[in-house]
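I have placed the structure first, in the form of structure tokens, so that the comments after it can refer back to it.
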Amino acid sequence: MSDFETILYEKRDGTGYVTLNRPKALNAYNIKMRDELFQVLAAVRDDPDVKVIIFSGAGEKAFCAGADLTEFLTAPPPVAARQVRFERDVWGRFLSIDKPIIAALHGYVLGDGVEIAGCCDIRIASEDVQFGTPEMGLGIITAAGGSQTVPRIVNRAQALDVLITGRWVIASEALKMKLVNRVVPRDKLMPTAEGIAGRIKSFDSEAVRYVKQAVTRGMDMTLEQGLSLETSLSRRVNTRTR
Ligand code: COA
């Protein structure tokens, strides 16, 4: 599982560590990374030994500086290049994972970086984090899930402000708008993520998965449907433990 070119994957004590690993290009998201992420997401989803997942970026400067511009803005034209990205439903694959995913974010978190972070459940950032969606300036829209996940994390007005203007958001503002759950010094980033992972792993993993499902699937339902989902998930836990 460590044979990837753009991603490091490691499994330790029930945690799956997924590290974007193109530090010289600030972990820019290229087609190879898309393909490898697609594979690794299935692996963490289907491996019963993995109870929780931590996403991070290699190197000092960035979690991910967005789409790889060397692929993106050269021939074939941007629209065709972008189409290639839709050939693997990476974002759908994120949604198929009912285990908790923690994002440990540092430095630049741009474009696809924001979108990967948006597919995670708990976002921890270091003090040097800077979020941005440069898509508008490139004549395209945020379309790797971000136009849907960001307004579900922050509010609609905040999402539109950031996505339309492409303005950057630093750690203090990200915390204020709840784009991240916690901001910590850089050297505390992984220890904090691991501390949260450890706490989650101390709980019954099926109950953890059900509560994630209740919240994430329920958010897209009417209240009545959501309550019914909650009842059926809680019955499964209660029946099992009786
Ligand atoms: N795609 C491909 N390569 C990228 C990249 C990207 N999105 N972002 C950075 N890199 C590369 C740079 O080309 C540079 O490579 P080099 O050392 O071979 O010249 C290396 O990463 C370091 O980047 P650099 O620009 O020197 O770092 P910086 O600290 O001065 O600036 C950024 C950092 C993020 C502000 C700047 O790199 C940038 O604006 N990147 C593009 C962001 C973007 O528009 N992403 C697309 C979103 S849809």
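In listed order, ligands and their atoms are each counted from 1.
- Side chain to side chain, D128 and S126 meet the donor-acceptor criterion of an N or O pair below 3.5 Å.
- Applying the side chain to side chain donor-acceptor pair (under 3.5 Å) test between T15 and each of K201, K51, E10 identifies K201 as the sole match.
- For the pair K24 and ligand 1, a heavy-atom separation below 4.0 Å is found.
- Residue-to-ligand polar distances keep P134 apart from ligand 1: every N/O pair is separated by 3.5 Å or more.
- Those atoms of ligand 1 with a heavy atom of A28 less than 4.0 angstrom away are 1 (N), 2 (C), 6 (C), 7 (N).
- Using cut-offs of 30° and 60° for the angle between ring planes, the Y29 and W91 rings count as tilted.
- Using modelled atom types, one finds a donor on one side chain and an acceptor on the other under 3.5 Å when comparing S96 with R45.
- For atom 34 (C) of ligand 1, the nearest non-hydrogen atom from the set T142, I140, L110 belongs to L110.
- The heavy atom nearest to atom 46 (C) of ligand 1, out of those in G111, A143, A67, is found in A67.
- Heavy-atom contacts of L138 reach the following atoms of ligand 1: 48 (S) (cutoff under 4.0 Å).
- Residue contacts with ligand 1: K61 is placed with a nitrogen or oxygen under 3.5 Å of a nitrogen or oxygen of the ligand (distance criterion only).
- The side chain to side chain donor-acceptor pair (under 3.5 Å) test with D220 singles out one residue from Q148, R152, Q225, and that residue is R152.
- When each of E36, R34, R22, K32 is tested with T6 by the rule side chain to side chain donor-acceptor pair (under 3.5 Å), just one qualifies, namely E36.
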